[in-house]
Number of protein chains: 2
Amino acid sequence: MLRRVDKHSGIPAYLQIMNQIKSEILLGNLKAESRLPPVRELEIIFDVNVNTILKALDKLKSEGVLMSEQGIGYFVARNISVDPQITQEIRRLVGDLKSKGLDLYTSLLLIEEVWKNEKL
Amino acid sequence: MLRRVDKHSGIPAYLQIMNQIKSEILLGNLKAESRLPPVRELEIIFDVNVNTILKALDKLKSEGVLMSEQGIGYFVARNISVDPQITQEIRRLVGDLKSKGLDLYTSLLLIEEVWKNEKL
DNA sequence: AATAGTGTTATATATAAATAGAACACTATA
DNA sequence: TATAGTGTTCTATTTATATATAACACTATT
């Protein structure tokens with residue numbers, strides 16, 4: 001489920017990595033306490049340098065999402081997974097958006113804009 | 001509706017600018033043929049240098065979203081606004097997500113991930 | 001013709017992001 | 001105790017982003 005980083009998206013690689021890892025945790029695919037692949041494997045998976053991996057993992061540590069133990073590995077710090085019902089609702093909307101021919105990028109733009117304009 | 005750029009988000013300013021402008025067009029707030037504010041006003045609105053504005057506008061030109069005429073201004077090239085029904089559905093989901101206490105960033109992450117995992 | 005309001009191009013500088021490569025430090029196990 | 005598998009730190013280099021500043025070019029209006 002972890003994918004190679006898109007080097008032409010304009011989004012910094014370390015951010016893409018943070019996002020991917022955080023998503024897995026939110027969706028419950030990476031449970032609390034479970035270990036991430038070693039950094040030198042992540043290097044290959046994401047296709048970036050160790051330092052870029054480290055930057056992403058460090059920031060997730062600062063956010064309290066991950067913890068690390070030297071010589072052992074990186075771990076999911078705690079359970080931040082979301083209600084599966086929400087995932088279900090999202091899945092429905094995504095289906096609708098796709099069926100109307102919208103692409104991911106456009107969809108995210110719209111959602112962000114609606115979010116920010118919604119008065120509440 | 002055009003907002004100052006967030007310089008601490010980690011997202012390059014020119015991308016944030018592209019996104020904001022494109023959103024306005026998608027939502028129908030900027031109609032085809034209508035003119036954008038002059039670049040030196042955009043400089044103030046977004047709080048970045050002209051060159052950053054230019055980079056964003058140039059890219060939107062390449063995408064065919066905008067056109068420009070020297071000495072006159074930048075214009076919305078064509079109508080790419082989305083079906084208002086879609087906006088409505090998005091508004092509903094956004095409401096749900098907010099009521100469950102999720103923040104924008106987390107929500108976008110989830111949506112992106114669901115999108116990519118959905119086998120069409 | 002002059003001017004004000006536009007977009008456009010250019011140069012120099014500074015900062016952030018990413019890479020490469022190496023070395024170091026801790027942990028578990030043979 | 002040696003070793004393999006980890007995370008961690010460091011330095012140097014390159015590329016991408018962003019700023020500052022100035023000049024230039026086109027358009028419309030006075």
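Lettering of chains follows the sequences in order, A, B, ..., and the numbering in each one begins at 1. Being a predicted model, the structure only gives us computed values, none of them experimental.
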Salt bridge (Lys or Arg N to Asp or Glu O under 4.0 Å) between Glu24(A) and Lys31(A), worked out: CA-CA 9 Å; Glu24(A) 291 304 316; Lys31(A) 309 241 180 252; over 6 Å; no
Side-chain donor-acceptor contact under 3.5 Å, Tyr14(A) with Asn19(A): no
Spacing between Gln70(A) atom CD and dA28(C) atom C1', to the nearest angstrom: 14 Å
Atom-pair distance (CD on Glu43(B); P on dT19(D)), nearest Å: 9 Å
Between dA18(C) (P) and Met18(A) (CE): distance, integer Å: 12 Å
Length of the line joining Asn51(A):CG and dT15(D):C1', which is rounded to integer Å: 15 Å
Contact under 4.0 Å: Tyr14(A) side-chain N or O vs dA18(C) OP1/OP2: no
Given DNA chain D, 5'-ward residue of the pair Pro37(A) and Gly10(A), judged by closest heavy atom: Pro37(A)
Check: dA20(D) base within 3.5 Å donor-acceptor of Asn49(B) side chain: yes
Out of dG7(D), dT8(C), dT8(D), whichever nucleotide has its closest atom nearest the side chain of Pro38(A): dG7(D)
Whole-Å gap separating P (dA16(C)) and CG (Asp58(A)): 17 Å
Pair Thr106(B)-Asp103(B), side-chain donor/acceptor within less than 3.5 Å: yes
Phosphate OP1/OP2 of dG7(D) contacted by Tyr74(A) side-chain N/O (<4.0 Å): no
Option among Arg92(A), Arg91(A), Gln85(A) that satisfies the side-chain hydrogen bond (donor to acceptor under 3.5 Å, both in side chains) test with Gln88(A): Arg91(A)
Thr52(A) side-chain N/O to dT19(C) phosphate OP1/OP2 under 4.0 Å: yes
Between P of dA22(C) and CG of Leu54(A), the distance in whole Å: 18 Å
Test salt bridge (Lys or Arg N to Asp or Glu O under 4.0 Å) applied to Arg78(A) and Glu33(A), step by step: CA-CA 7 Å; Arg78(A) 55 200 171 77; Glu33(A) 312 278 308; over 6 Å; no
Interatomic distance, Leu42(A) CG vs dT19(C) P [rounded to whole Å]: 14 Å
Minimum-distance nucleotide (side-chain atoms of Ile72(A) versus dA28(C), dT17(D), dT19(D)): dA28(C)
Atom pair distance, as rounded to whole Å: CD in Glu41(B) and C1' in dT6(C): 11 Å
N/O (side chain, Lys55(A)) to phosphate O (OP1/OP2, dT8(D)) under 4.0 Å: no
Nearest to side-chain heavy atoms of Ser68(A), which nucleotide of dA18(C), dT8(D), dT27(C): dT8(D)
Base of dT8(C) paired with side chain of Arg40(B) (donor-acceptor, under 3.5 Å): yes
Phosphate contact (dA17(C) OP1 or OP2) by Lys7(A) side-chain N/O below 4.0 Å: no
